[in-house]
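The structure appears right after this line, and notes come after that.
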Amino acid sequence: MFETLPELFNNISVFTAKWWGMLAGPFGSGIATSLKVFGLTLLFALPLGLIVALGEMAKFRLISAPVKFFVMVMRGTPLMLQLLFVYFAPFYIFGIRGAYSRFVAVIIAFTLNYAAYFAEIYRGGIQSMPRGQYEAGAVLGFTQVQVFLKIILPQVIKRVLPPFSNEVITLVKDTALVQILGVSDPLRAAQNAASFTFSVVPFMFSAVVYFILCFIIERLFNLGEKRLSYYR
Amino acid sequence: MELLRVEHLKKSFGAELVLSDISLAVNKSEVISIIGPSGSGKSTLLRCITLLEKADGGAVSIDGDYLFHEQAGRVVYAKKSELRRLRLRTGLVFQNFNLFPHFSVLRNLTEAQIHVLGVSPDAARETAMELLSKMGLTDKANAYPYSLSGGQCQRVAIARALALRPEILFFDEPTSALDPELTFEVLRVIRQLAEEHMTMVIVTHEMAFARDVSDRVIFMDEGVIIEQGKPEDVLINSKNERVRAFLGNFKS
């Protein structure tokens, strides 16, 4: 169909001029949904992941065993399946209809899934902290909570930033999975557009959307790492 | 005046008996050096007293107040609040400093003053700067630990412990992680503290230093105190076979 690069770009501009009016709406709302899923998942999964990590490391097996099992299940089954399960479980298990909207189901599933992955990152960071830091804190009279919040956690955050950037970038692309519950997203918009325009250009659009989001996130993480590089 | 008393302290790690029966008393303003081969339990003794390890038997008291004591064959610790209060009467300097890398030198010294003792930030800073000047580190107040030499780190660590005004300061091999040429700057600081009558218990392999600075030297091996006495009696004129064999390794 396209022969040379200039022709390709020419075609894209012609295509855009022709279809923009019809595509802007679905793409816009798709991007908005992706951003909402992304933001809310981080908002809930970042703290929940820390709690899960602490649960995994709890001395009491009554706490640690179920938490470890939770992490195993969340990491051992597809996120897409979890989305379906969370959405349909209230009805099929409890016979409750319309317990929550599709969007809420999406946020619950994403939060649980990502909290499990985040927990493993937190755990790695916390366990990599030398014992001497805890001991120095204890000897200086800090309470256990103070030691964790003032001494351990700030250093853990620096250590987990690189693995977190990986996971957060994956989250951007995973937001495309929300369409399994019929929630709109840029990829879904592209699929629809491709089928009525007979063109792959909409796929390129959505690719650019994801790429830009990931690019921004990578930059932000680099910035964060730089800001924390004042100590070693 | 007696400040610290250790009675029949016992500690095992699994099947390995590390402290089999340690008793000792430390008087106010006394400087005690503990020497002995590696694995003799010296560090574990300090760690039991500073509550970093749980004792399996015996008792430790500070100024008559028990941190823990044995009751019907079991070690009973004081209440958490009491332990926190008593622990603040002691300080511990670690072999590898354990400074907080994410805090500046100054904040390493002020953080516990402010958030443990409840001192105002201004007063804490003043205390910290006084101690830093004593350590010869005034210009490092805003530096981060990674940029300091080992000797400087250890002096900051000593200042950090002193900032809480402990009545007795423990040193766990304070110069063992240092290059020989940095050792003396740390020893000089400890010597200065001794001259100011700070009560100190120092686990060390620096025999000459132990002889100079201590009022009493304790030789430990295999979890028991083999010999203790005036520095010259233990380090030079000991009659004990094991002490002499150990000290023989240090003479070239």
Side-chain angles (χ1 to χ4, degrees), chain A residues 46-47 50 53-54 57-61 63 118 121-165 220-232, chain B residues 43 46-47 49-53 80-81 83-105 107-119 142-148 153 156-157 159-166 168-172 177:
Chain A
L46 283 174
L50 184 56
L54 294 175
M57 293 183 291
K59 275 183 203 137
F60 299 106
R61 280 200 45 140
I63 300 172
F118 289 164
I121 297 177
Y122 280 126
R123 190 171 66 87
I126 291 170
Q127 289 179 340
S128 75
M129 288 297 297
R131 229 174 90 181
Q133 291 291 304
Y134 291 93
E135 293 182 347
V139 165
L140 291 171
F142 289 113
T143 62
Q144 268 179 303
V145 174
Q146 282 177 321
V147 169
F148 185 74
L149 293 180
K150 286 177 176 301
I151 297 162
I152 304 300
L153 192 58
Q155 298 185 60
V156 165
I157 287 172
K158 178 184 167 102
R159 286 175 189 218
V160 299
L161 227 42
F164 258 119
S165 80
L220 287 176
F221 269 98
N222 283 344
L223 210 71
E225 282 178 41
K226 228 179 225 153
R227 289 212 37 188
L228 287 179
S229 67
Y230 67 89
Y231 74 90
R232 269 175 249 161
Chain B
S43 294
L46 293 195
R47 293 172 60 86
I49 299 171
T50 52
L51 305 174
L52 292 178
E53 301 286 355
K80 233 180 175 173
S81 55
L83 286 179
R84 282 195 70 204
R85 190 180 65 79
L86 287 173
R87 160 178 258 171
L88 285 171
R89 302 181 67 171
T90 70
L92 174 64
V93 174
F94 298 89
Q95 180 176 341
N96 42 9
F97 334 130
N98 291 334
L99 292 178
F100 304 130
H102 59 309
F103 289 161
S104 67
V105 165
R107 192 151 171 214
N108 265 281
L109 270 60
T110 55
E111 194 73 5
Q113 289 188 70
I114 296 168
H115 296 286
V116 176
L117 295 186
V119 173
N142 295 314
Y144 283 84
Y146 76 88
S147 66
L148 305 182
C153 280
V156 172
R160 181 177 69 173
L162 289 172
L164 299 182
R165 307 203 181 286
I168 176 165
L169 193 51
F170 299 99
F171 293 82
D172 189 3

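Proteins get letters first, then strands, A, B, ... in listed order; numbering begins at 1 in each. Only heavy atoms go into these numbers, but all of them, side chains included; no hydrogens, no water, no symmetry mates.
- Note that CD of A:Glu135 is 9.5 Å distant from CG of B:Asp172, once rounded to the nearest 0.5 Å.
- Looking at every heavy atom in both residues, B:Leu52 comes nearest to A:Ala138 through CD2-CB, 4.4 Å.
- Not a single donor-acceptor pair under 3.5 Å links the side chain of A:Gln133 to the backbone N or O of B:Phe100.
- A donor-acceptor contact shorter than 3.5 Å is absent between the side chain of B:Arg84 and the backbone of A:Phe142.
- Annotation for A:Gln144: atom CD does not count as buried by contact number, only 12 or fewer foreign heavy atoms lying within 6.0 Å.
- The shortest non-hydrogen separation linking A:Leu140 to B:Leu164 is O-CD1, 3.3 Å.
- With a 4.5 Å cut-off on non-hydrogen atoms, B:Gln95 does not touch chain A at all.
- Taking the six-membered ring for Trp and the full ring otherwise, B:Tyr146 and A:Tyr231 have centroids separated by 6.0 Å or more.
- When each of B:Arg47, B:Gln113, B:Lys80, B:Arg85 is checked for heavy-atom pairs under 4.5 Å with chain A, B:Arg47 comes out on top.
- Heavy atoms closer than 4.5 Å to chain A are found in both the backbone and the side chain of B:Glu111.
- The part of B:Leu88 that comes within reach of chain A is its side chain, from C-beta onward, which places non-hydrogen atoms under 4.5 angstrom from that chain.
- Using a 4.5 Å heavy-atom cutoff, the side chains of B:Pro101 and A:Gln155 are in contact.
- For B:Phe103, the part sitting under 4.5 Å from any heavy atom of chain A is the side chain, from C-beta outward, and nothing else.
- Contacts between B:Leu99 and chain A at a heavy-atom distance below 4.5 Å involve the backbone alone (N, CA, C, O).
- Using a 4.5 Å cut-off between heavy atoms, B:Arg160 contacts chain A through both its backbone and its side chain.
- When each of A:Lys158, A:Gln146, A:Lys150 is checked for heavy-atom pairs under 4.5 Å with chain B, A:Lys150 comes out on top.
- Using a 4.5 Å cut-off between heavy atoms, A:Tyr230 contacts chain B through both its backbone and its side chain.
- Shortest non-hydrogen contact noted between B:His102 and A:Pro154 is CD2-CB, 3.6 Å.
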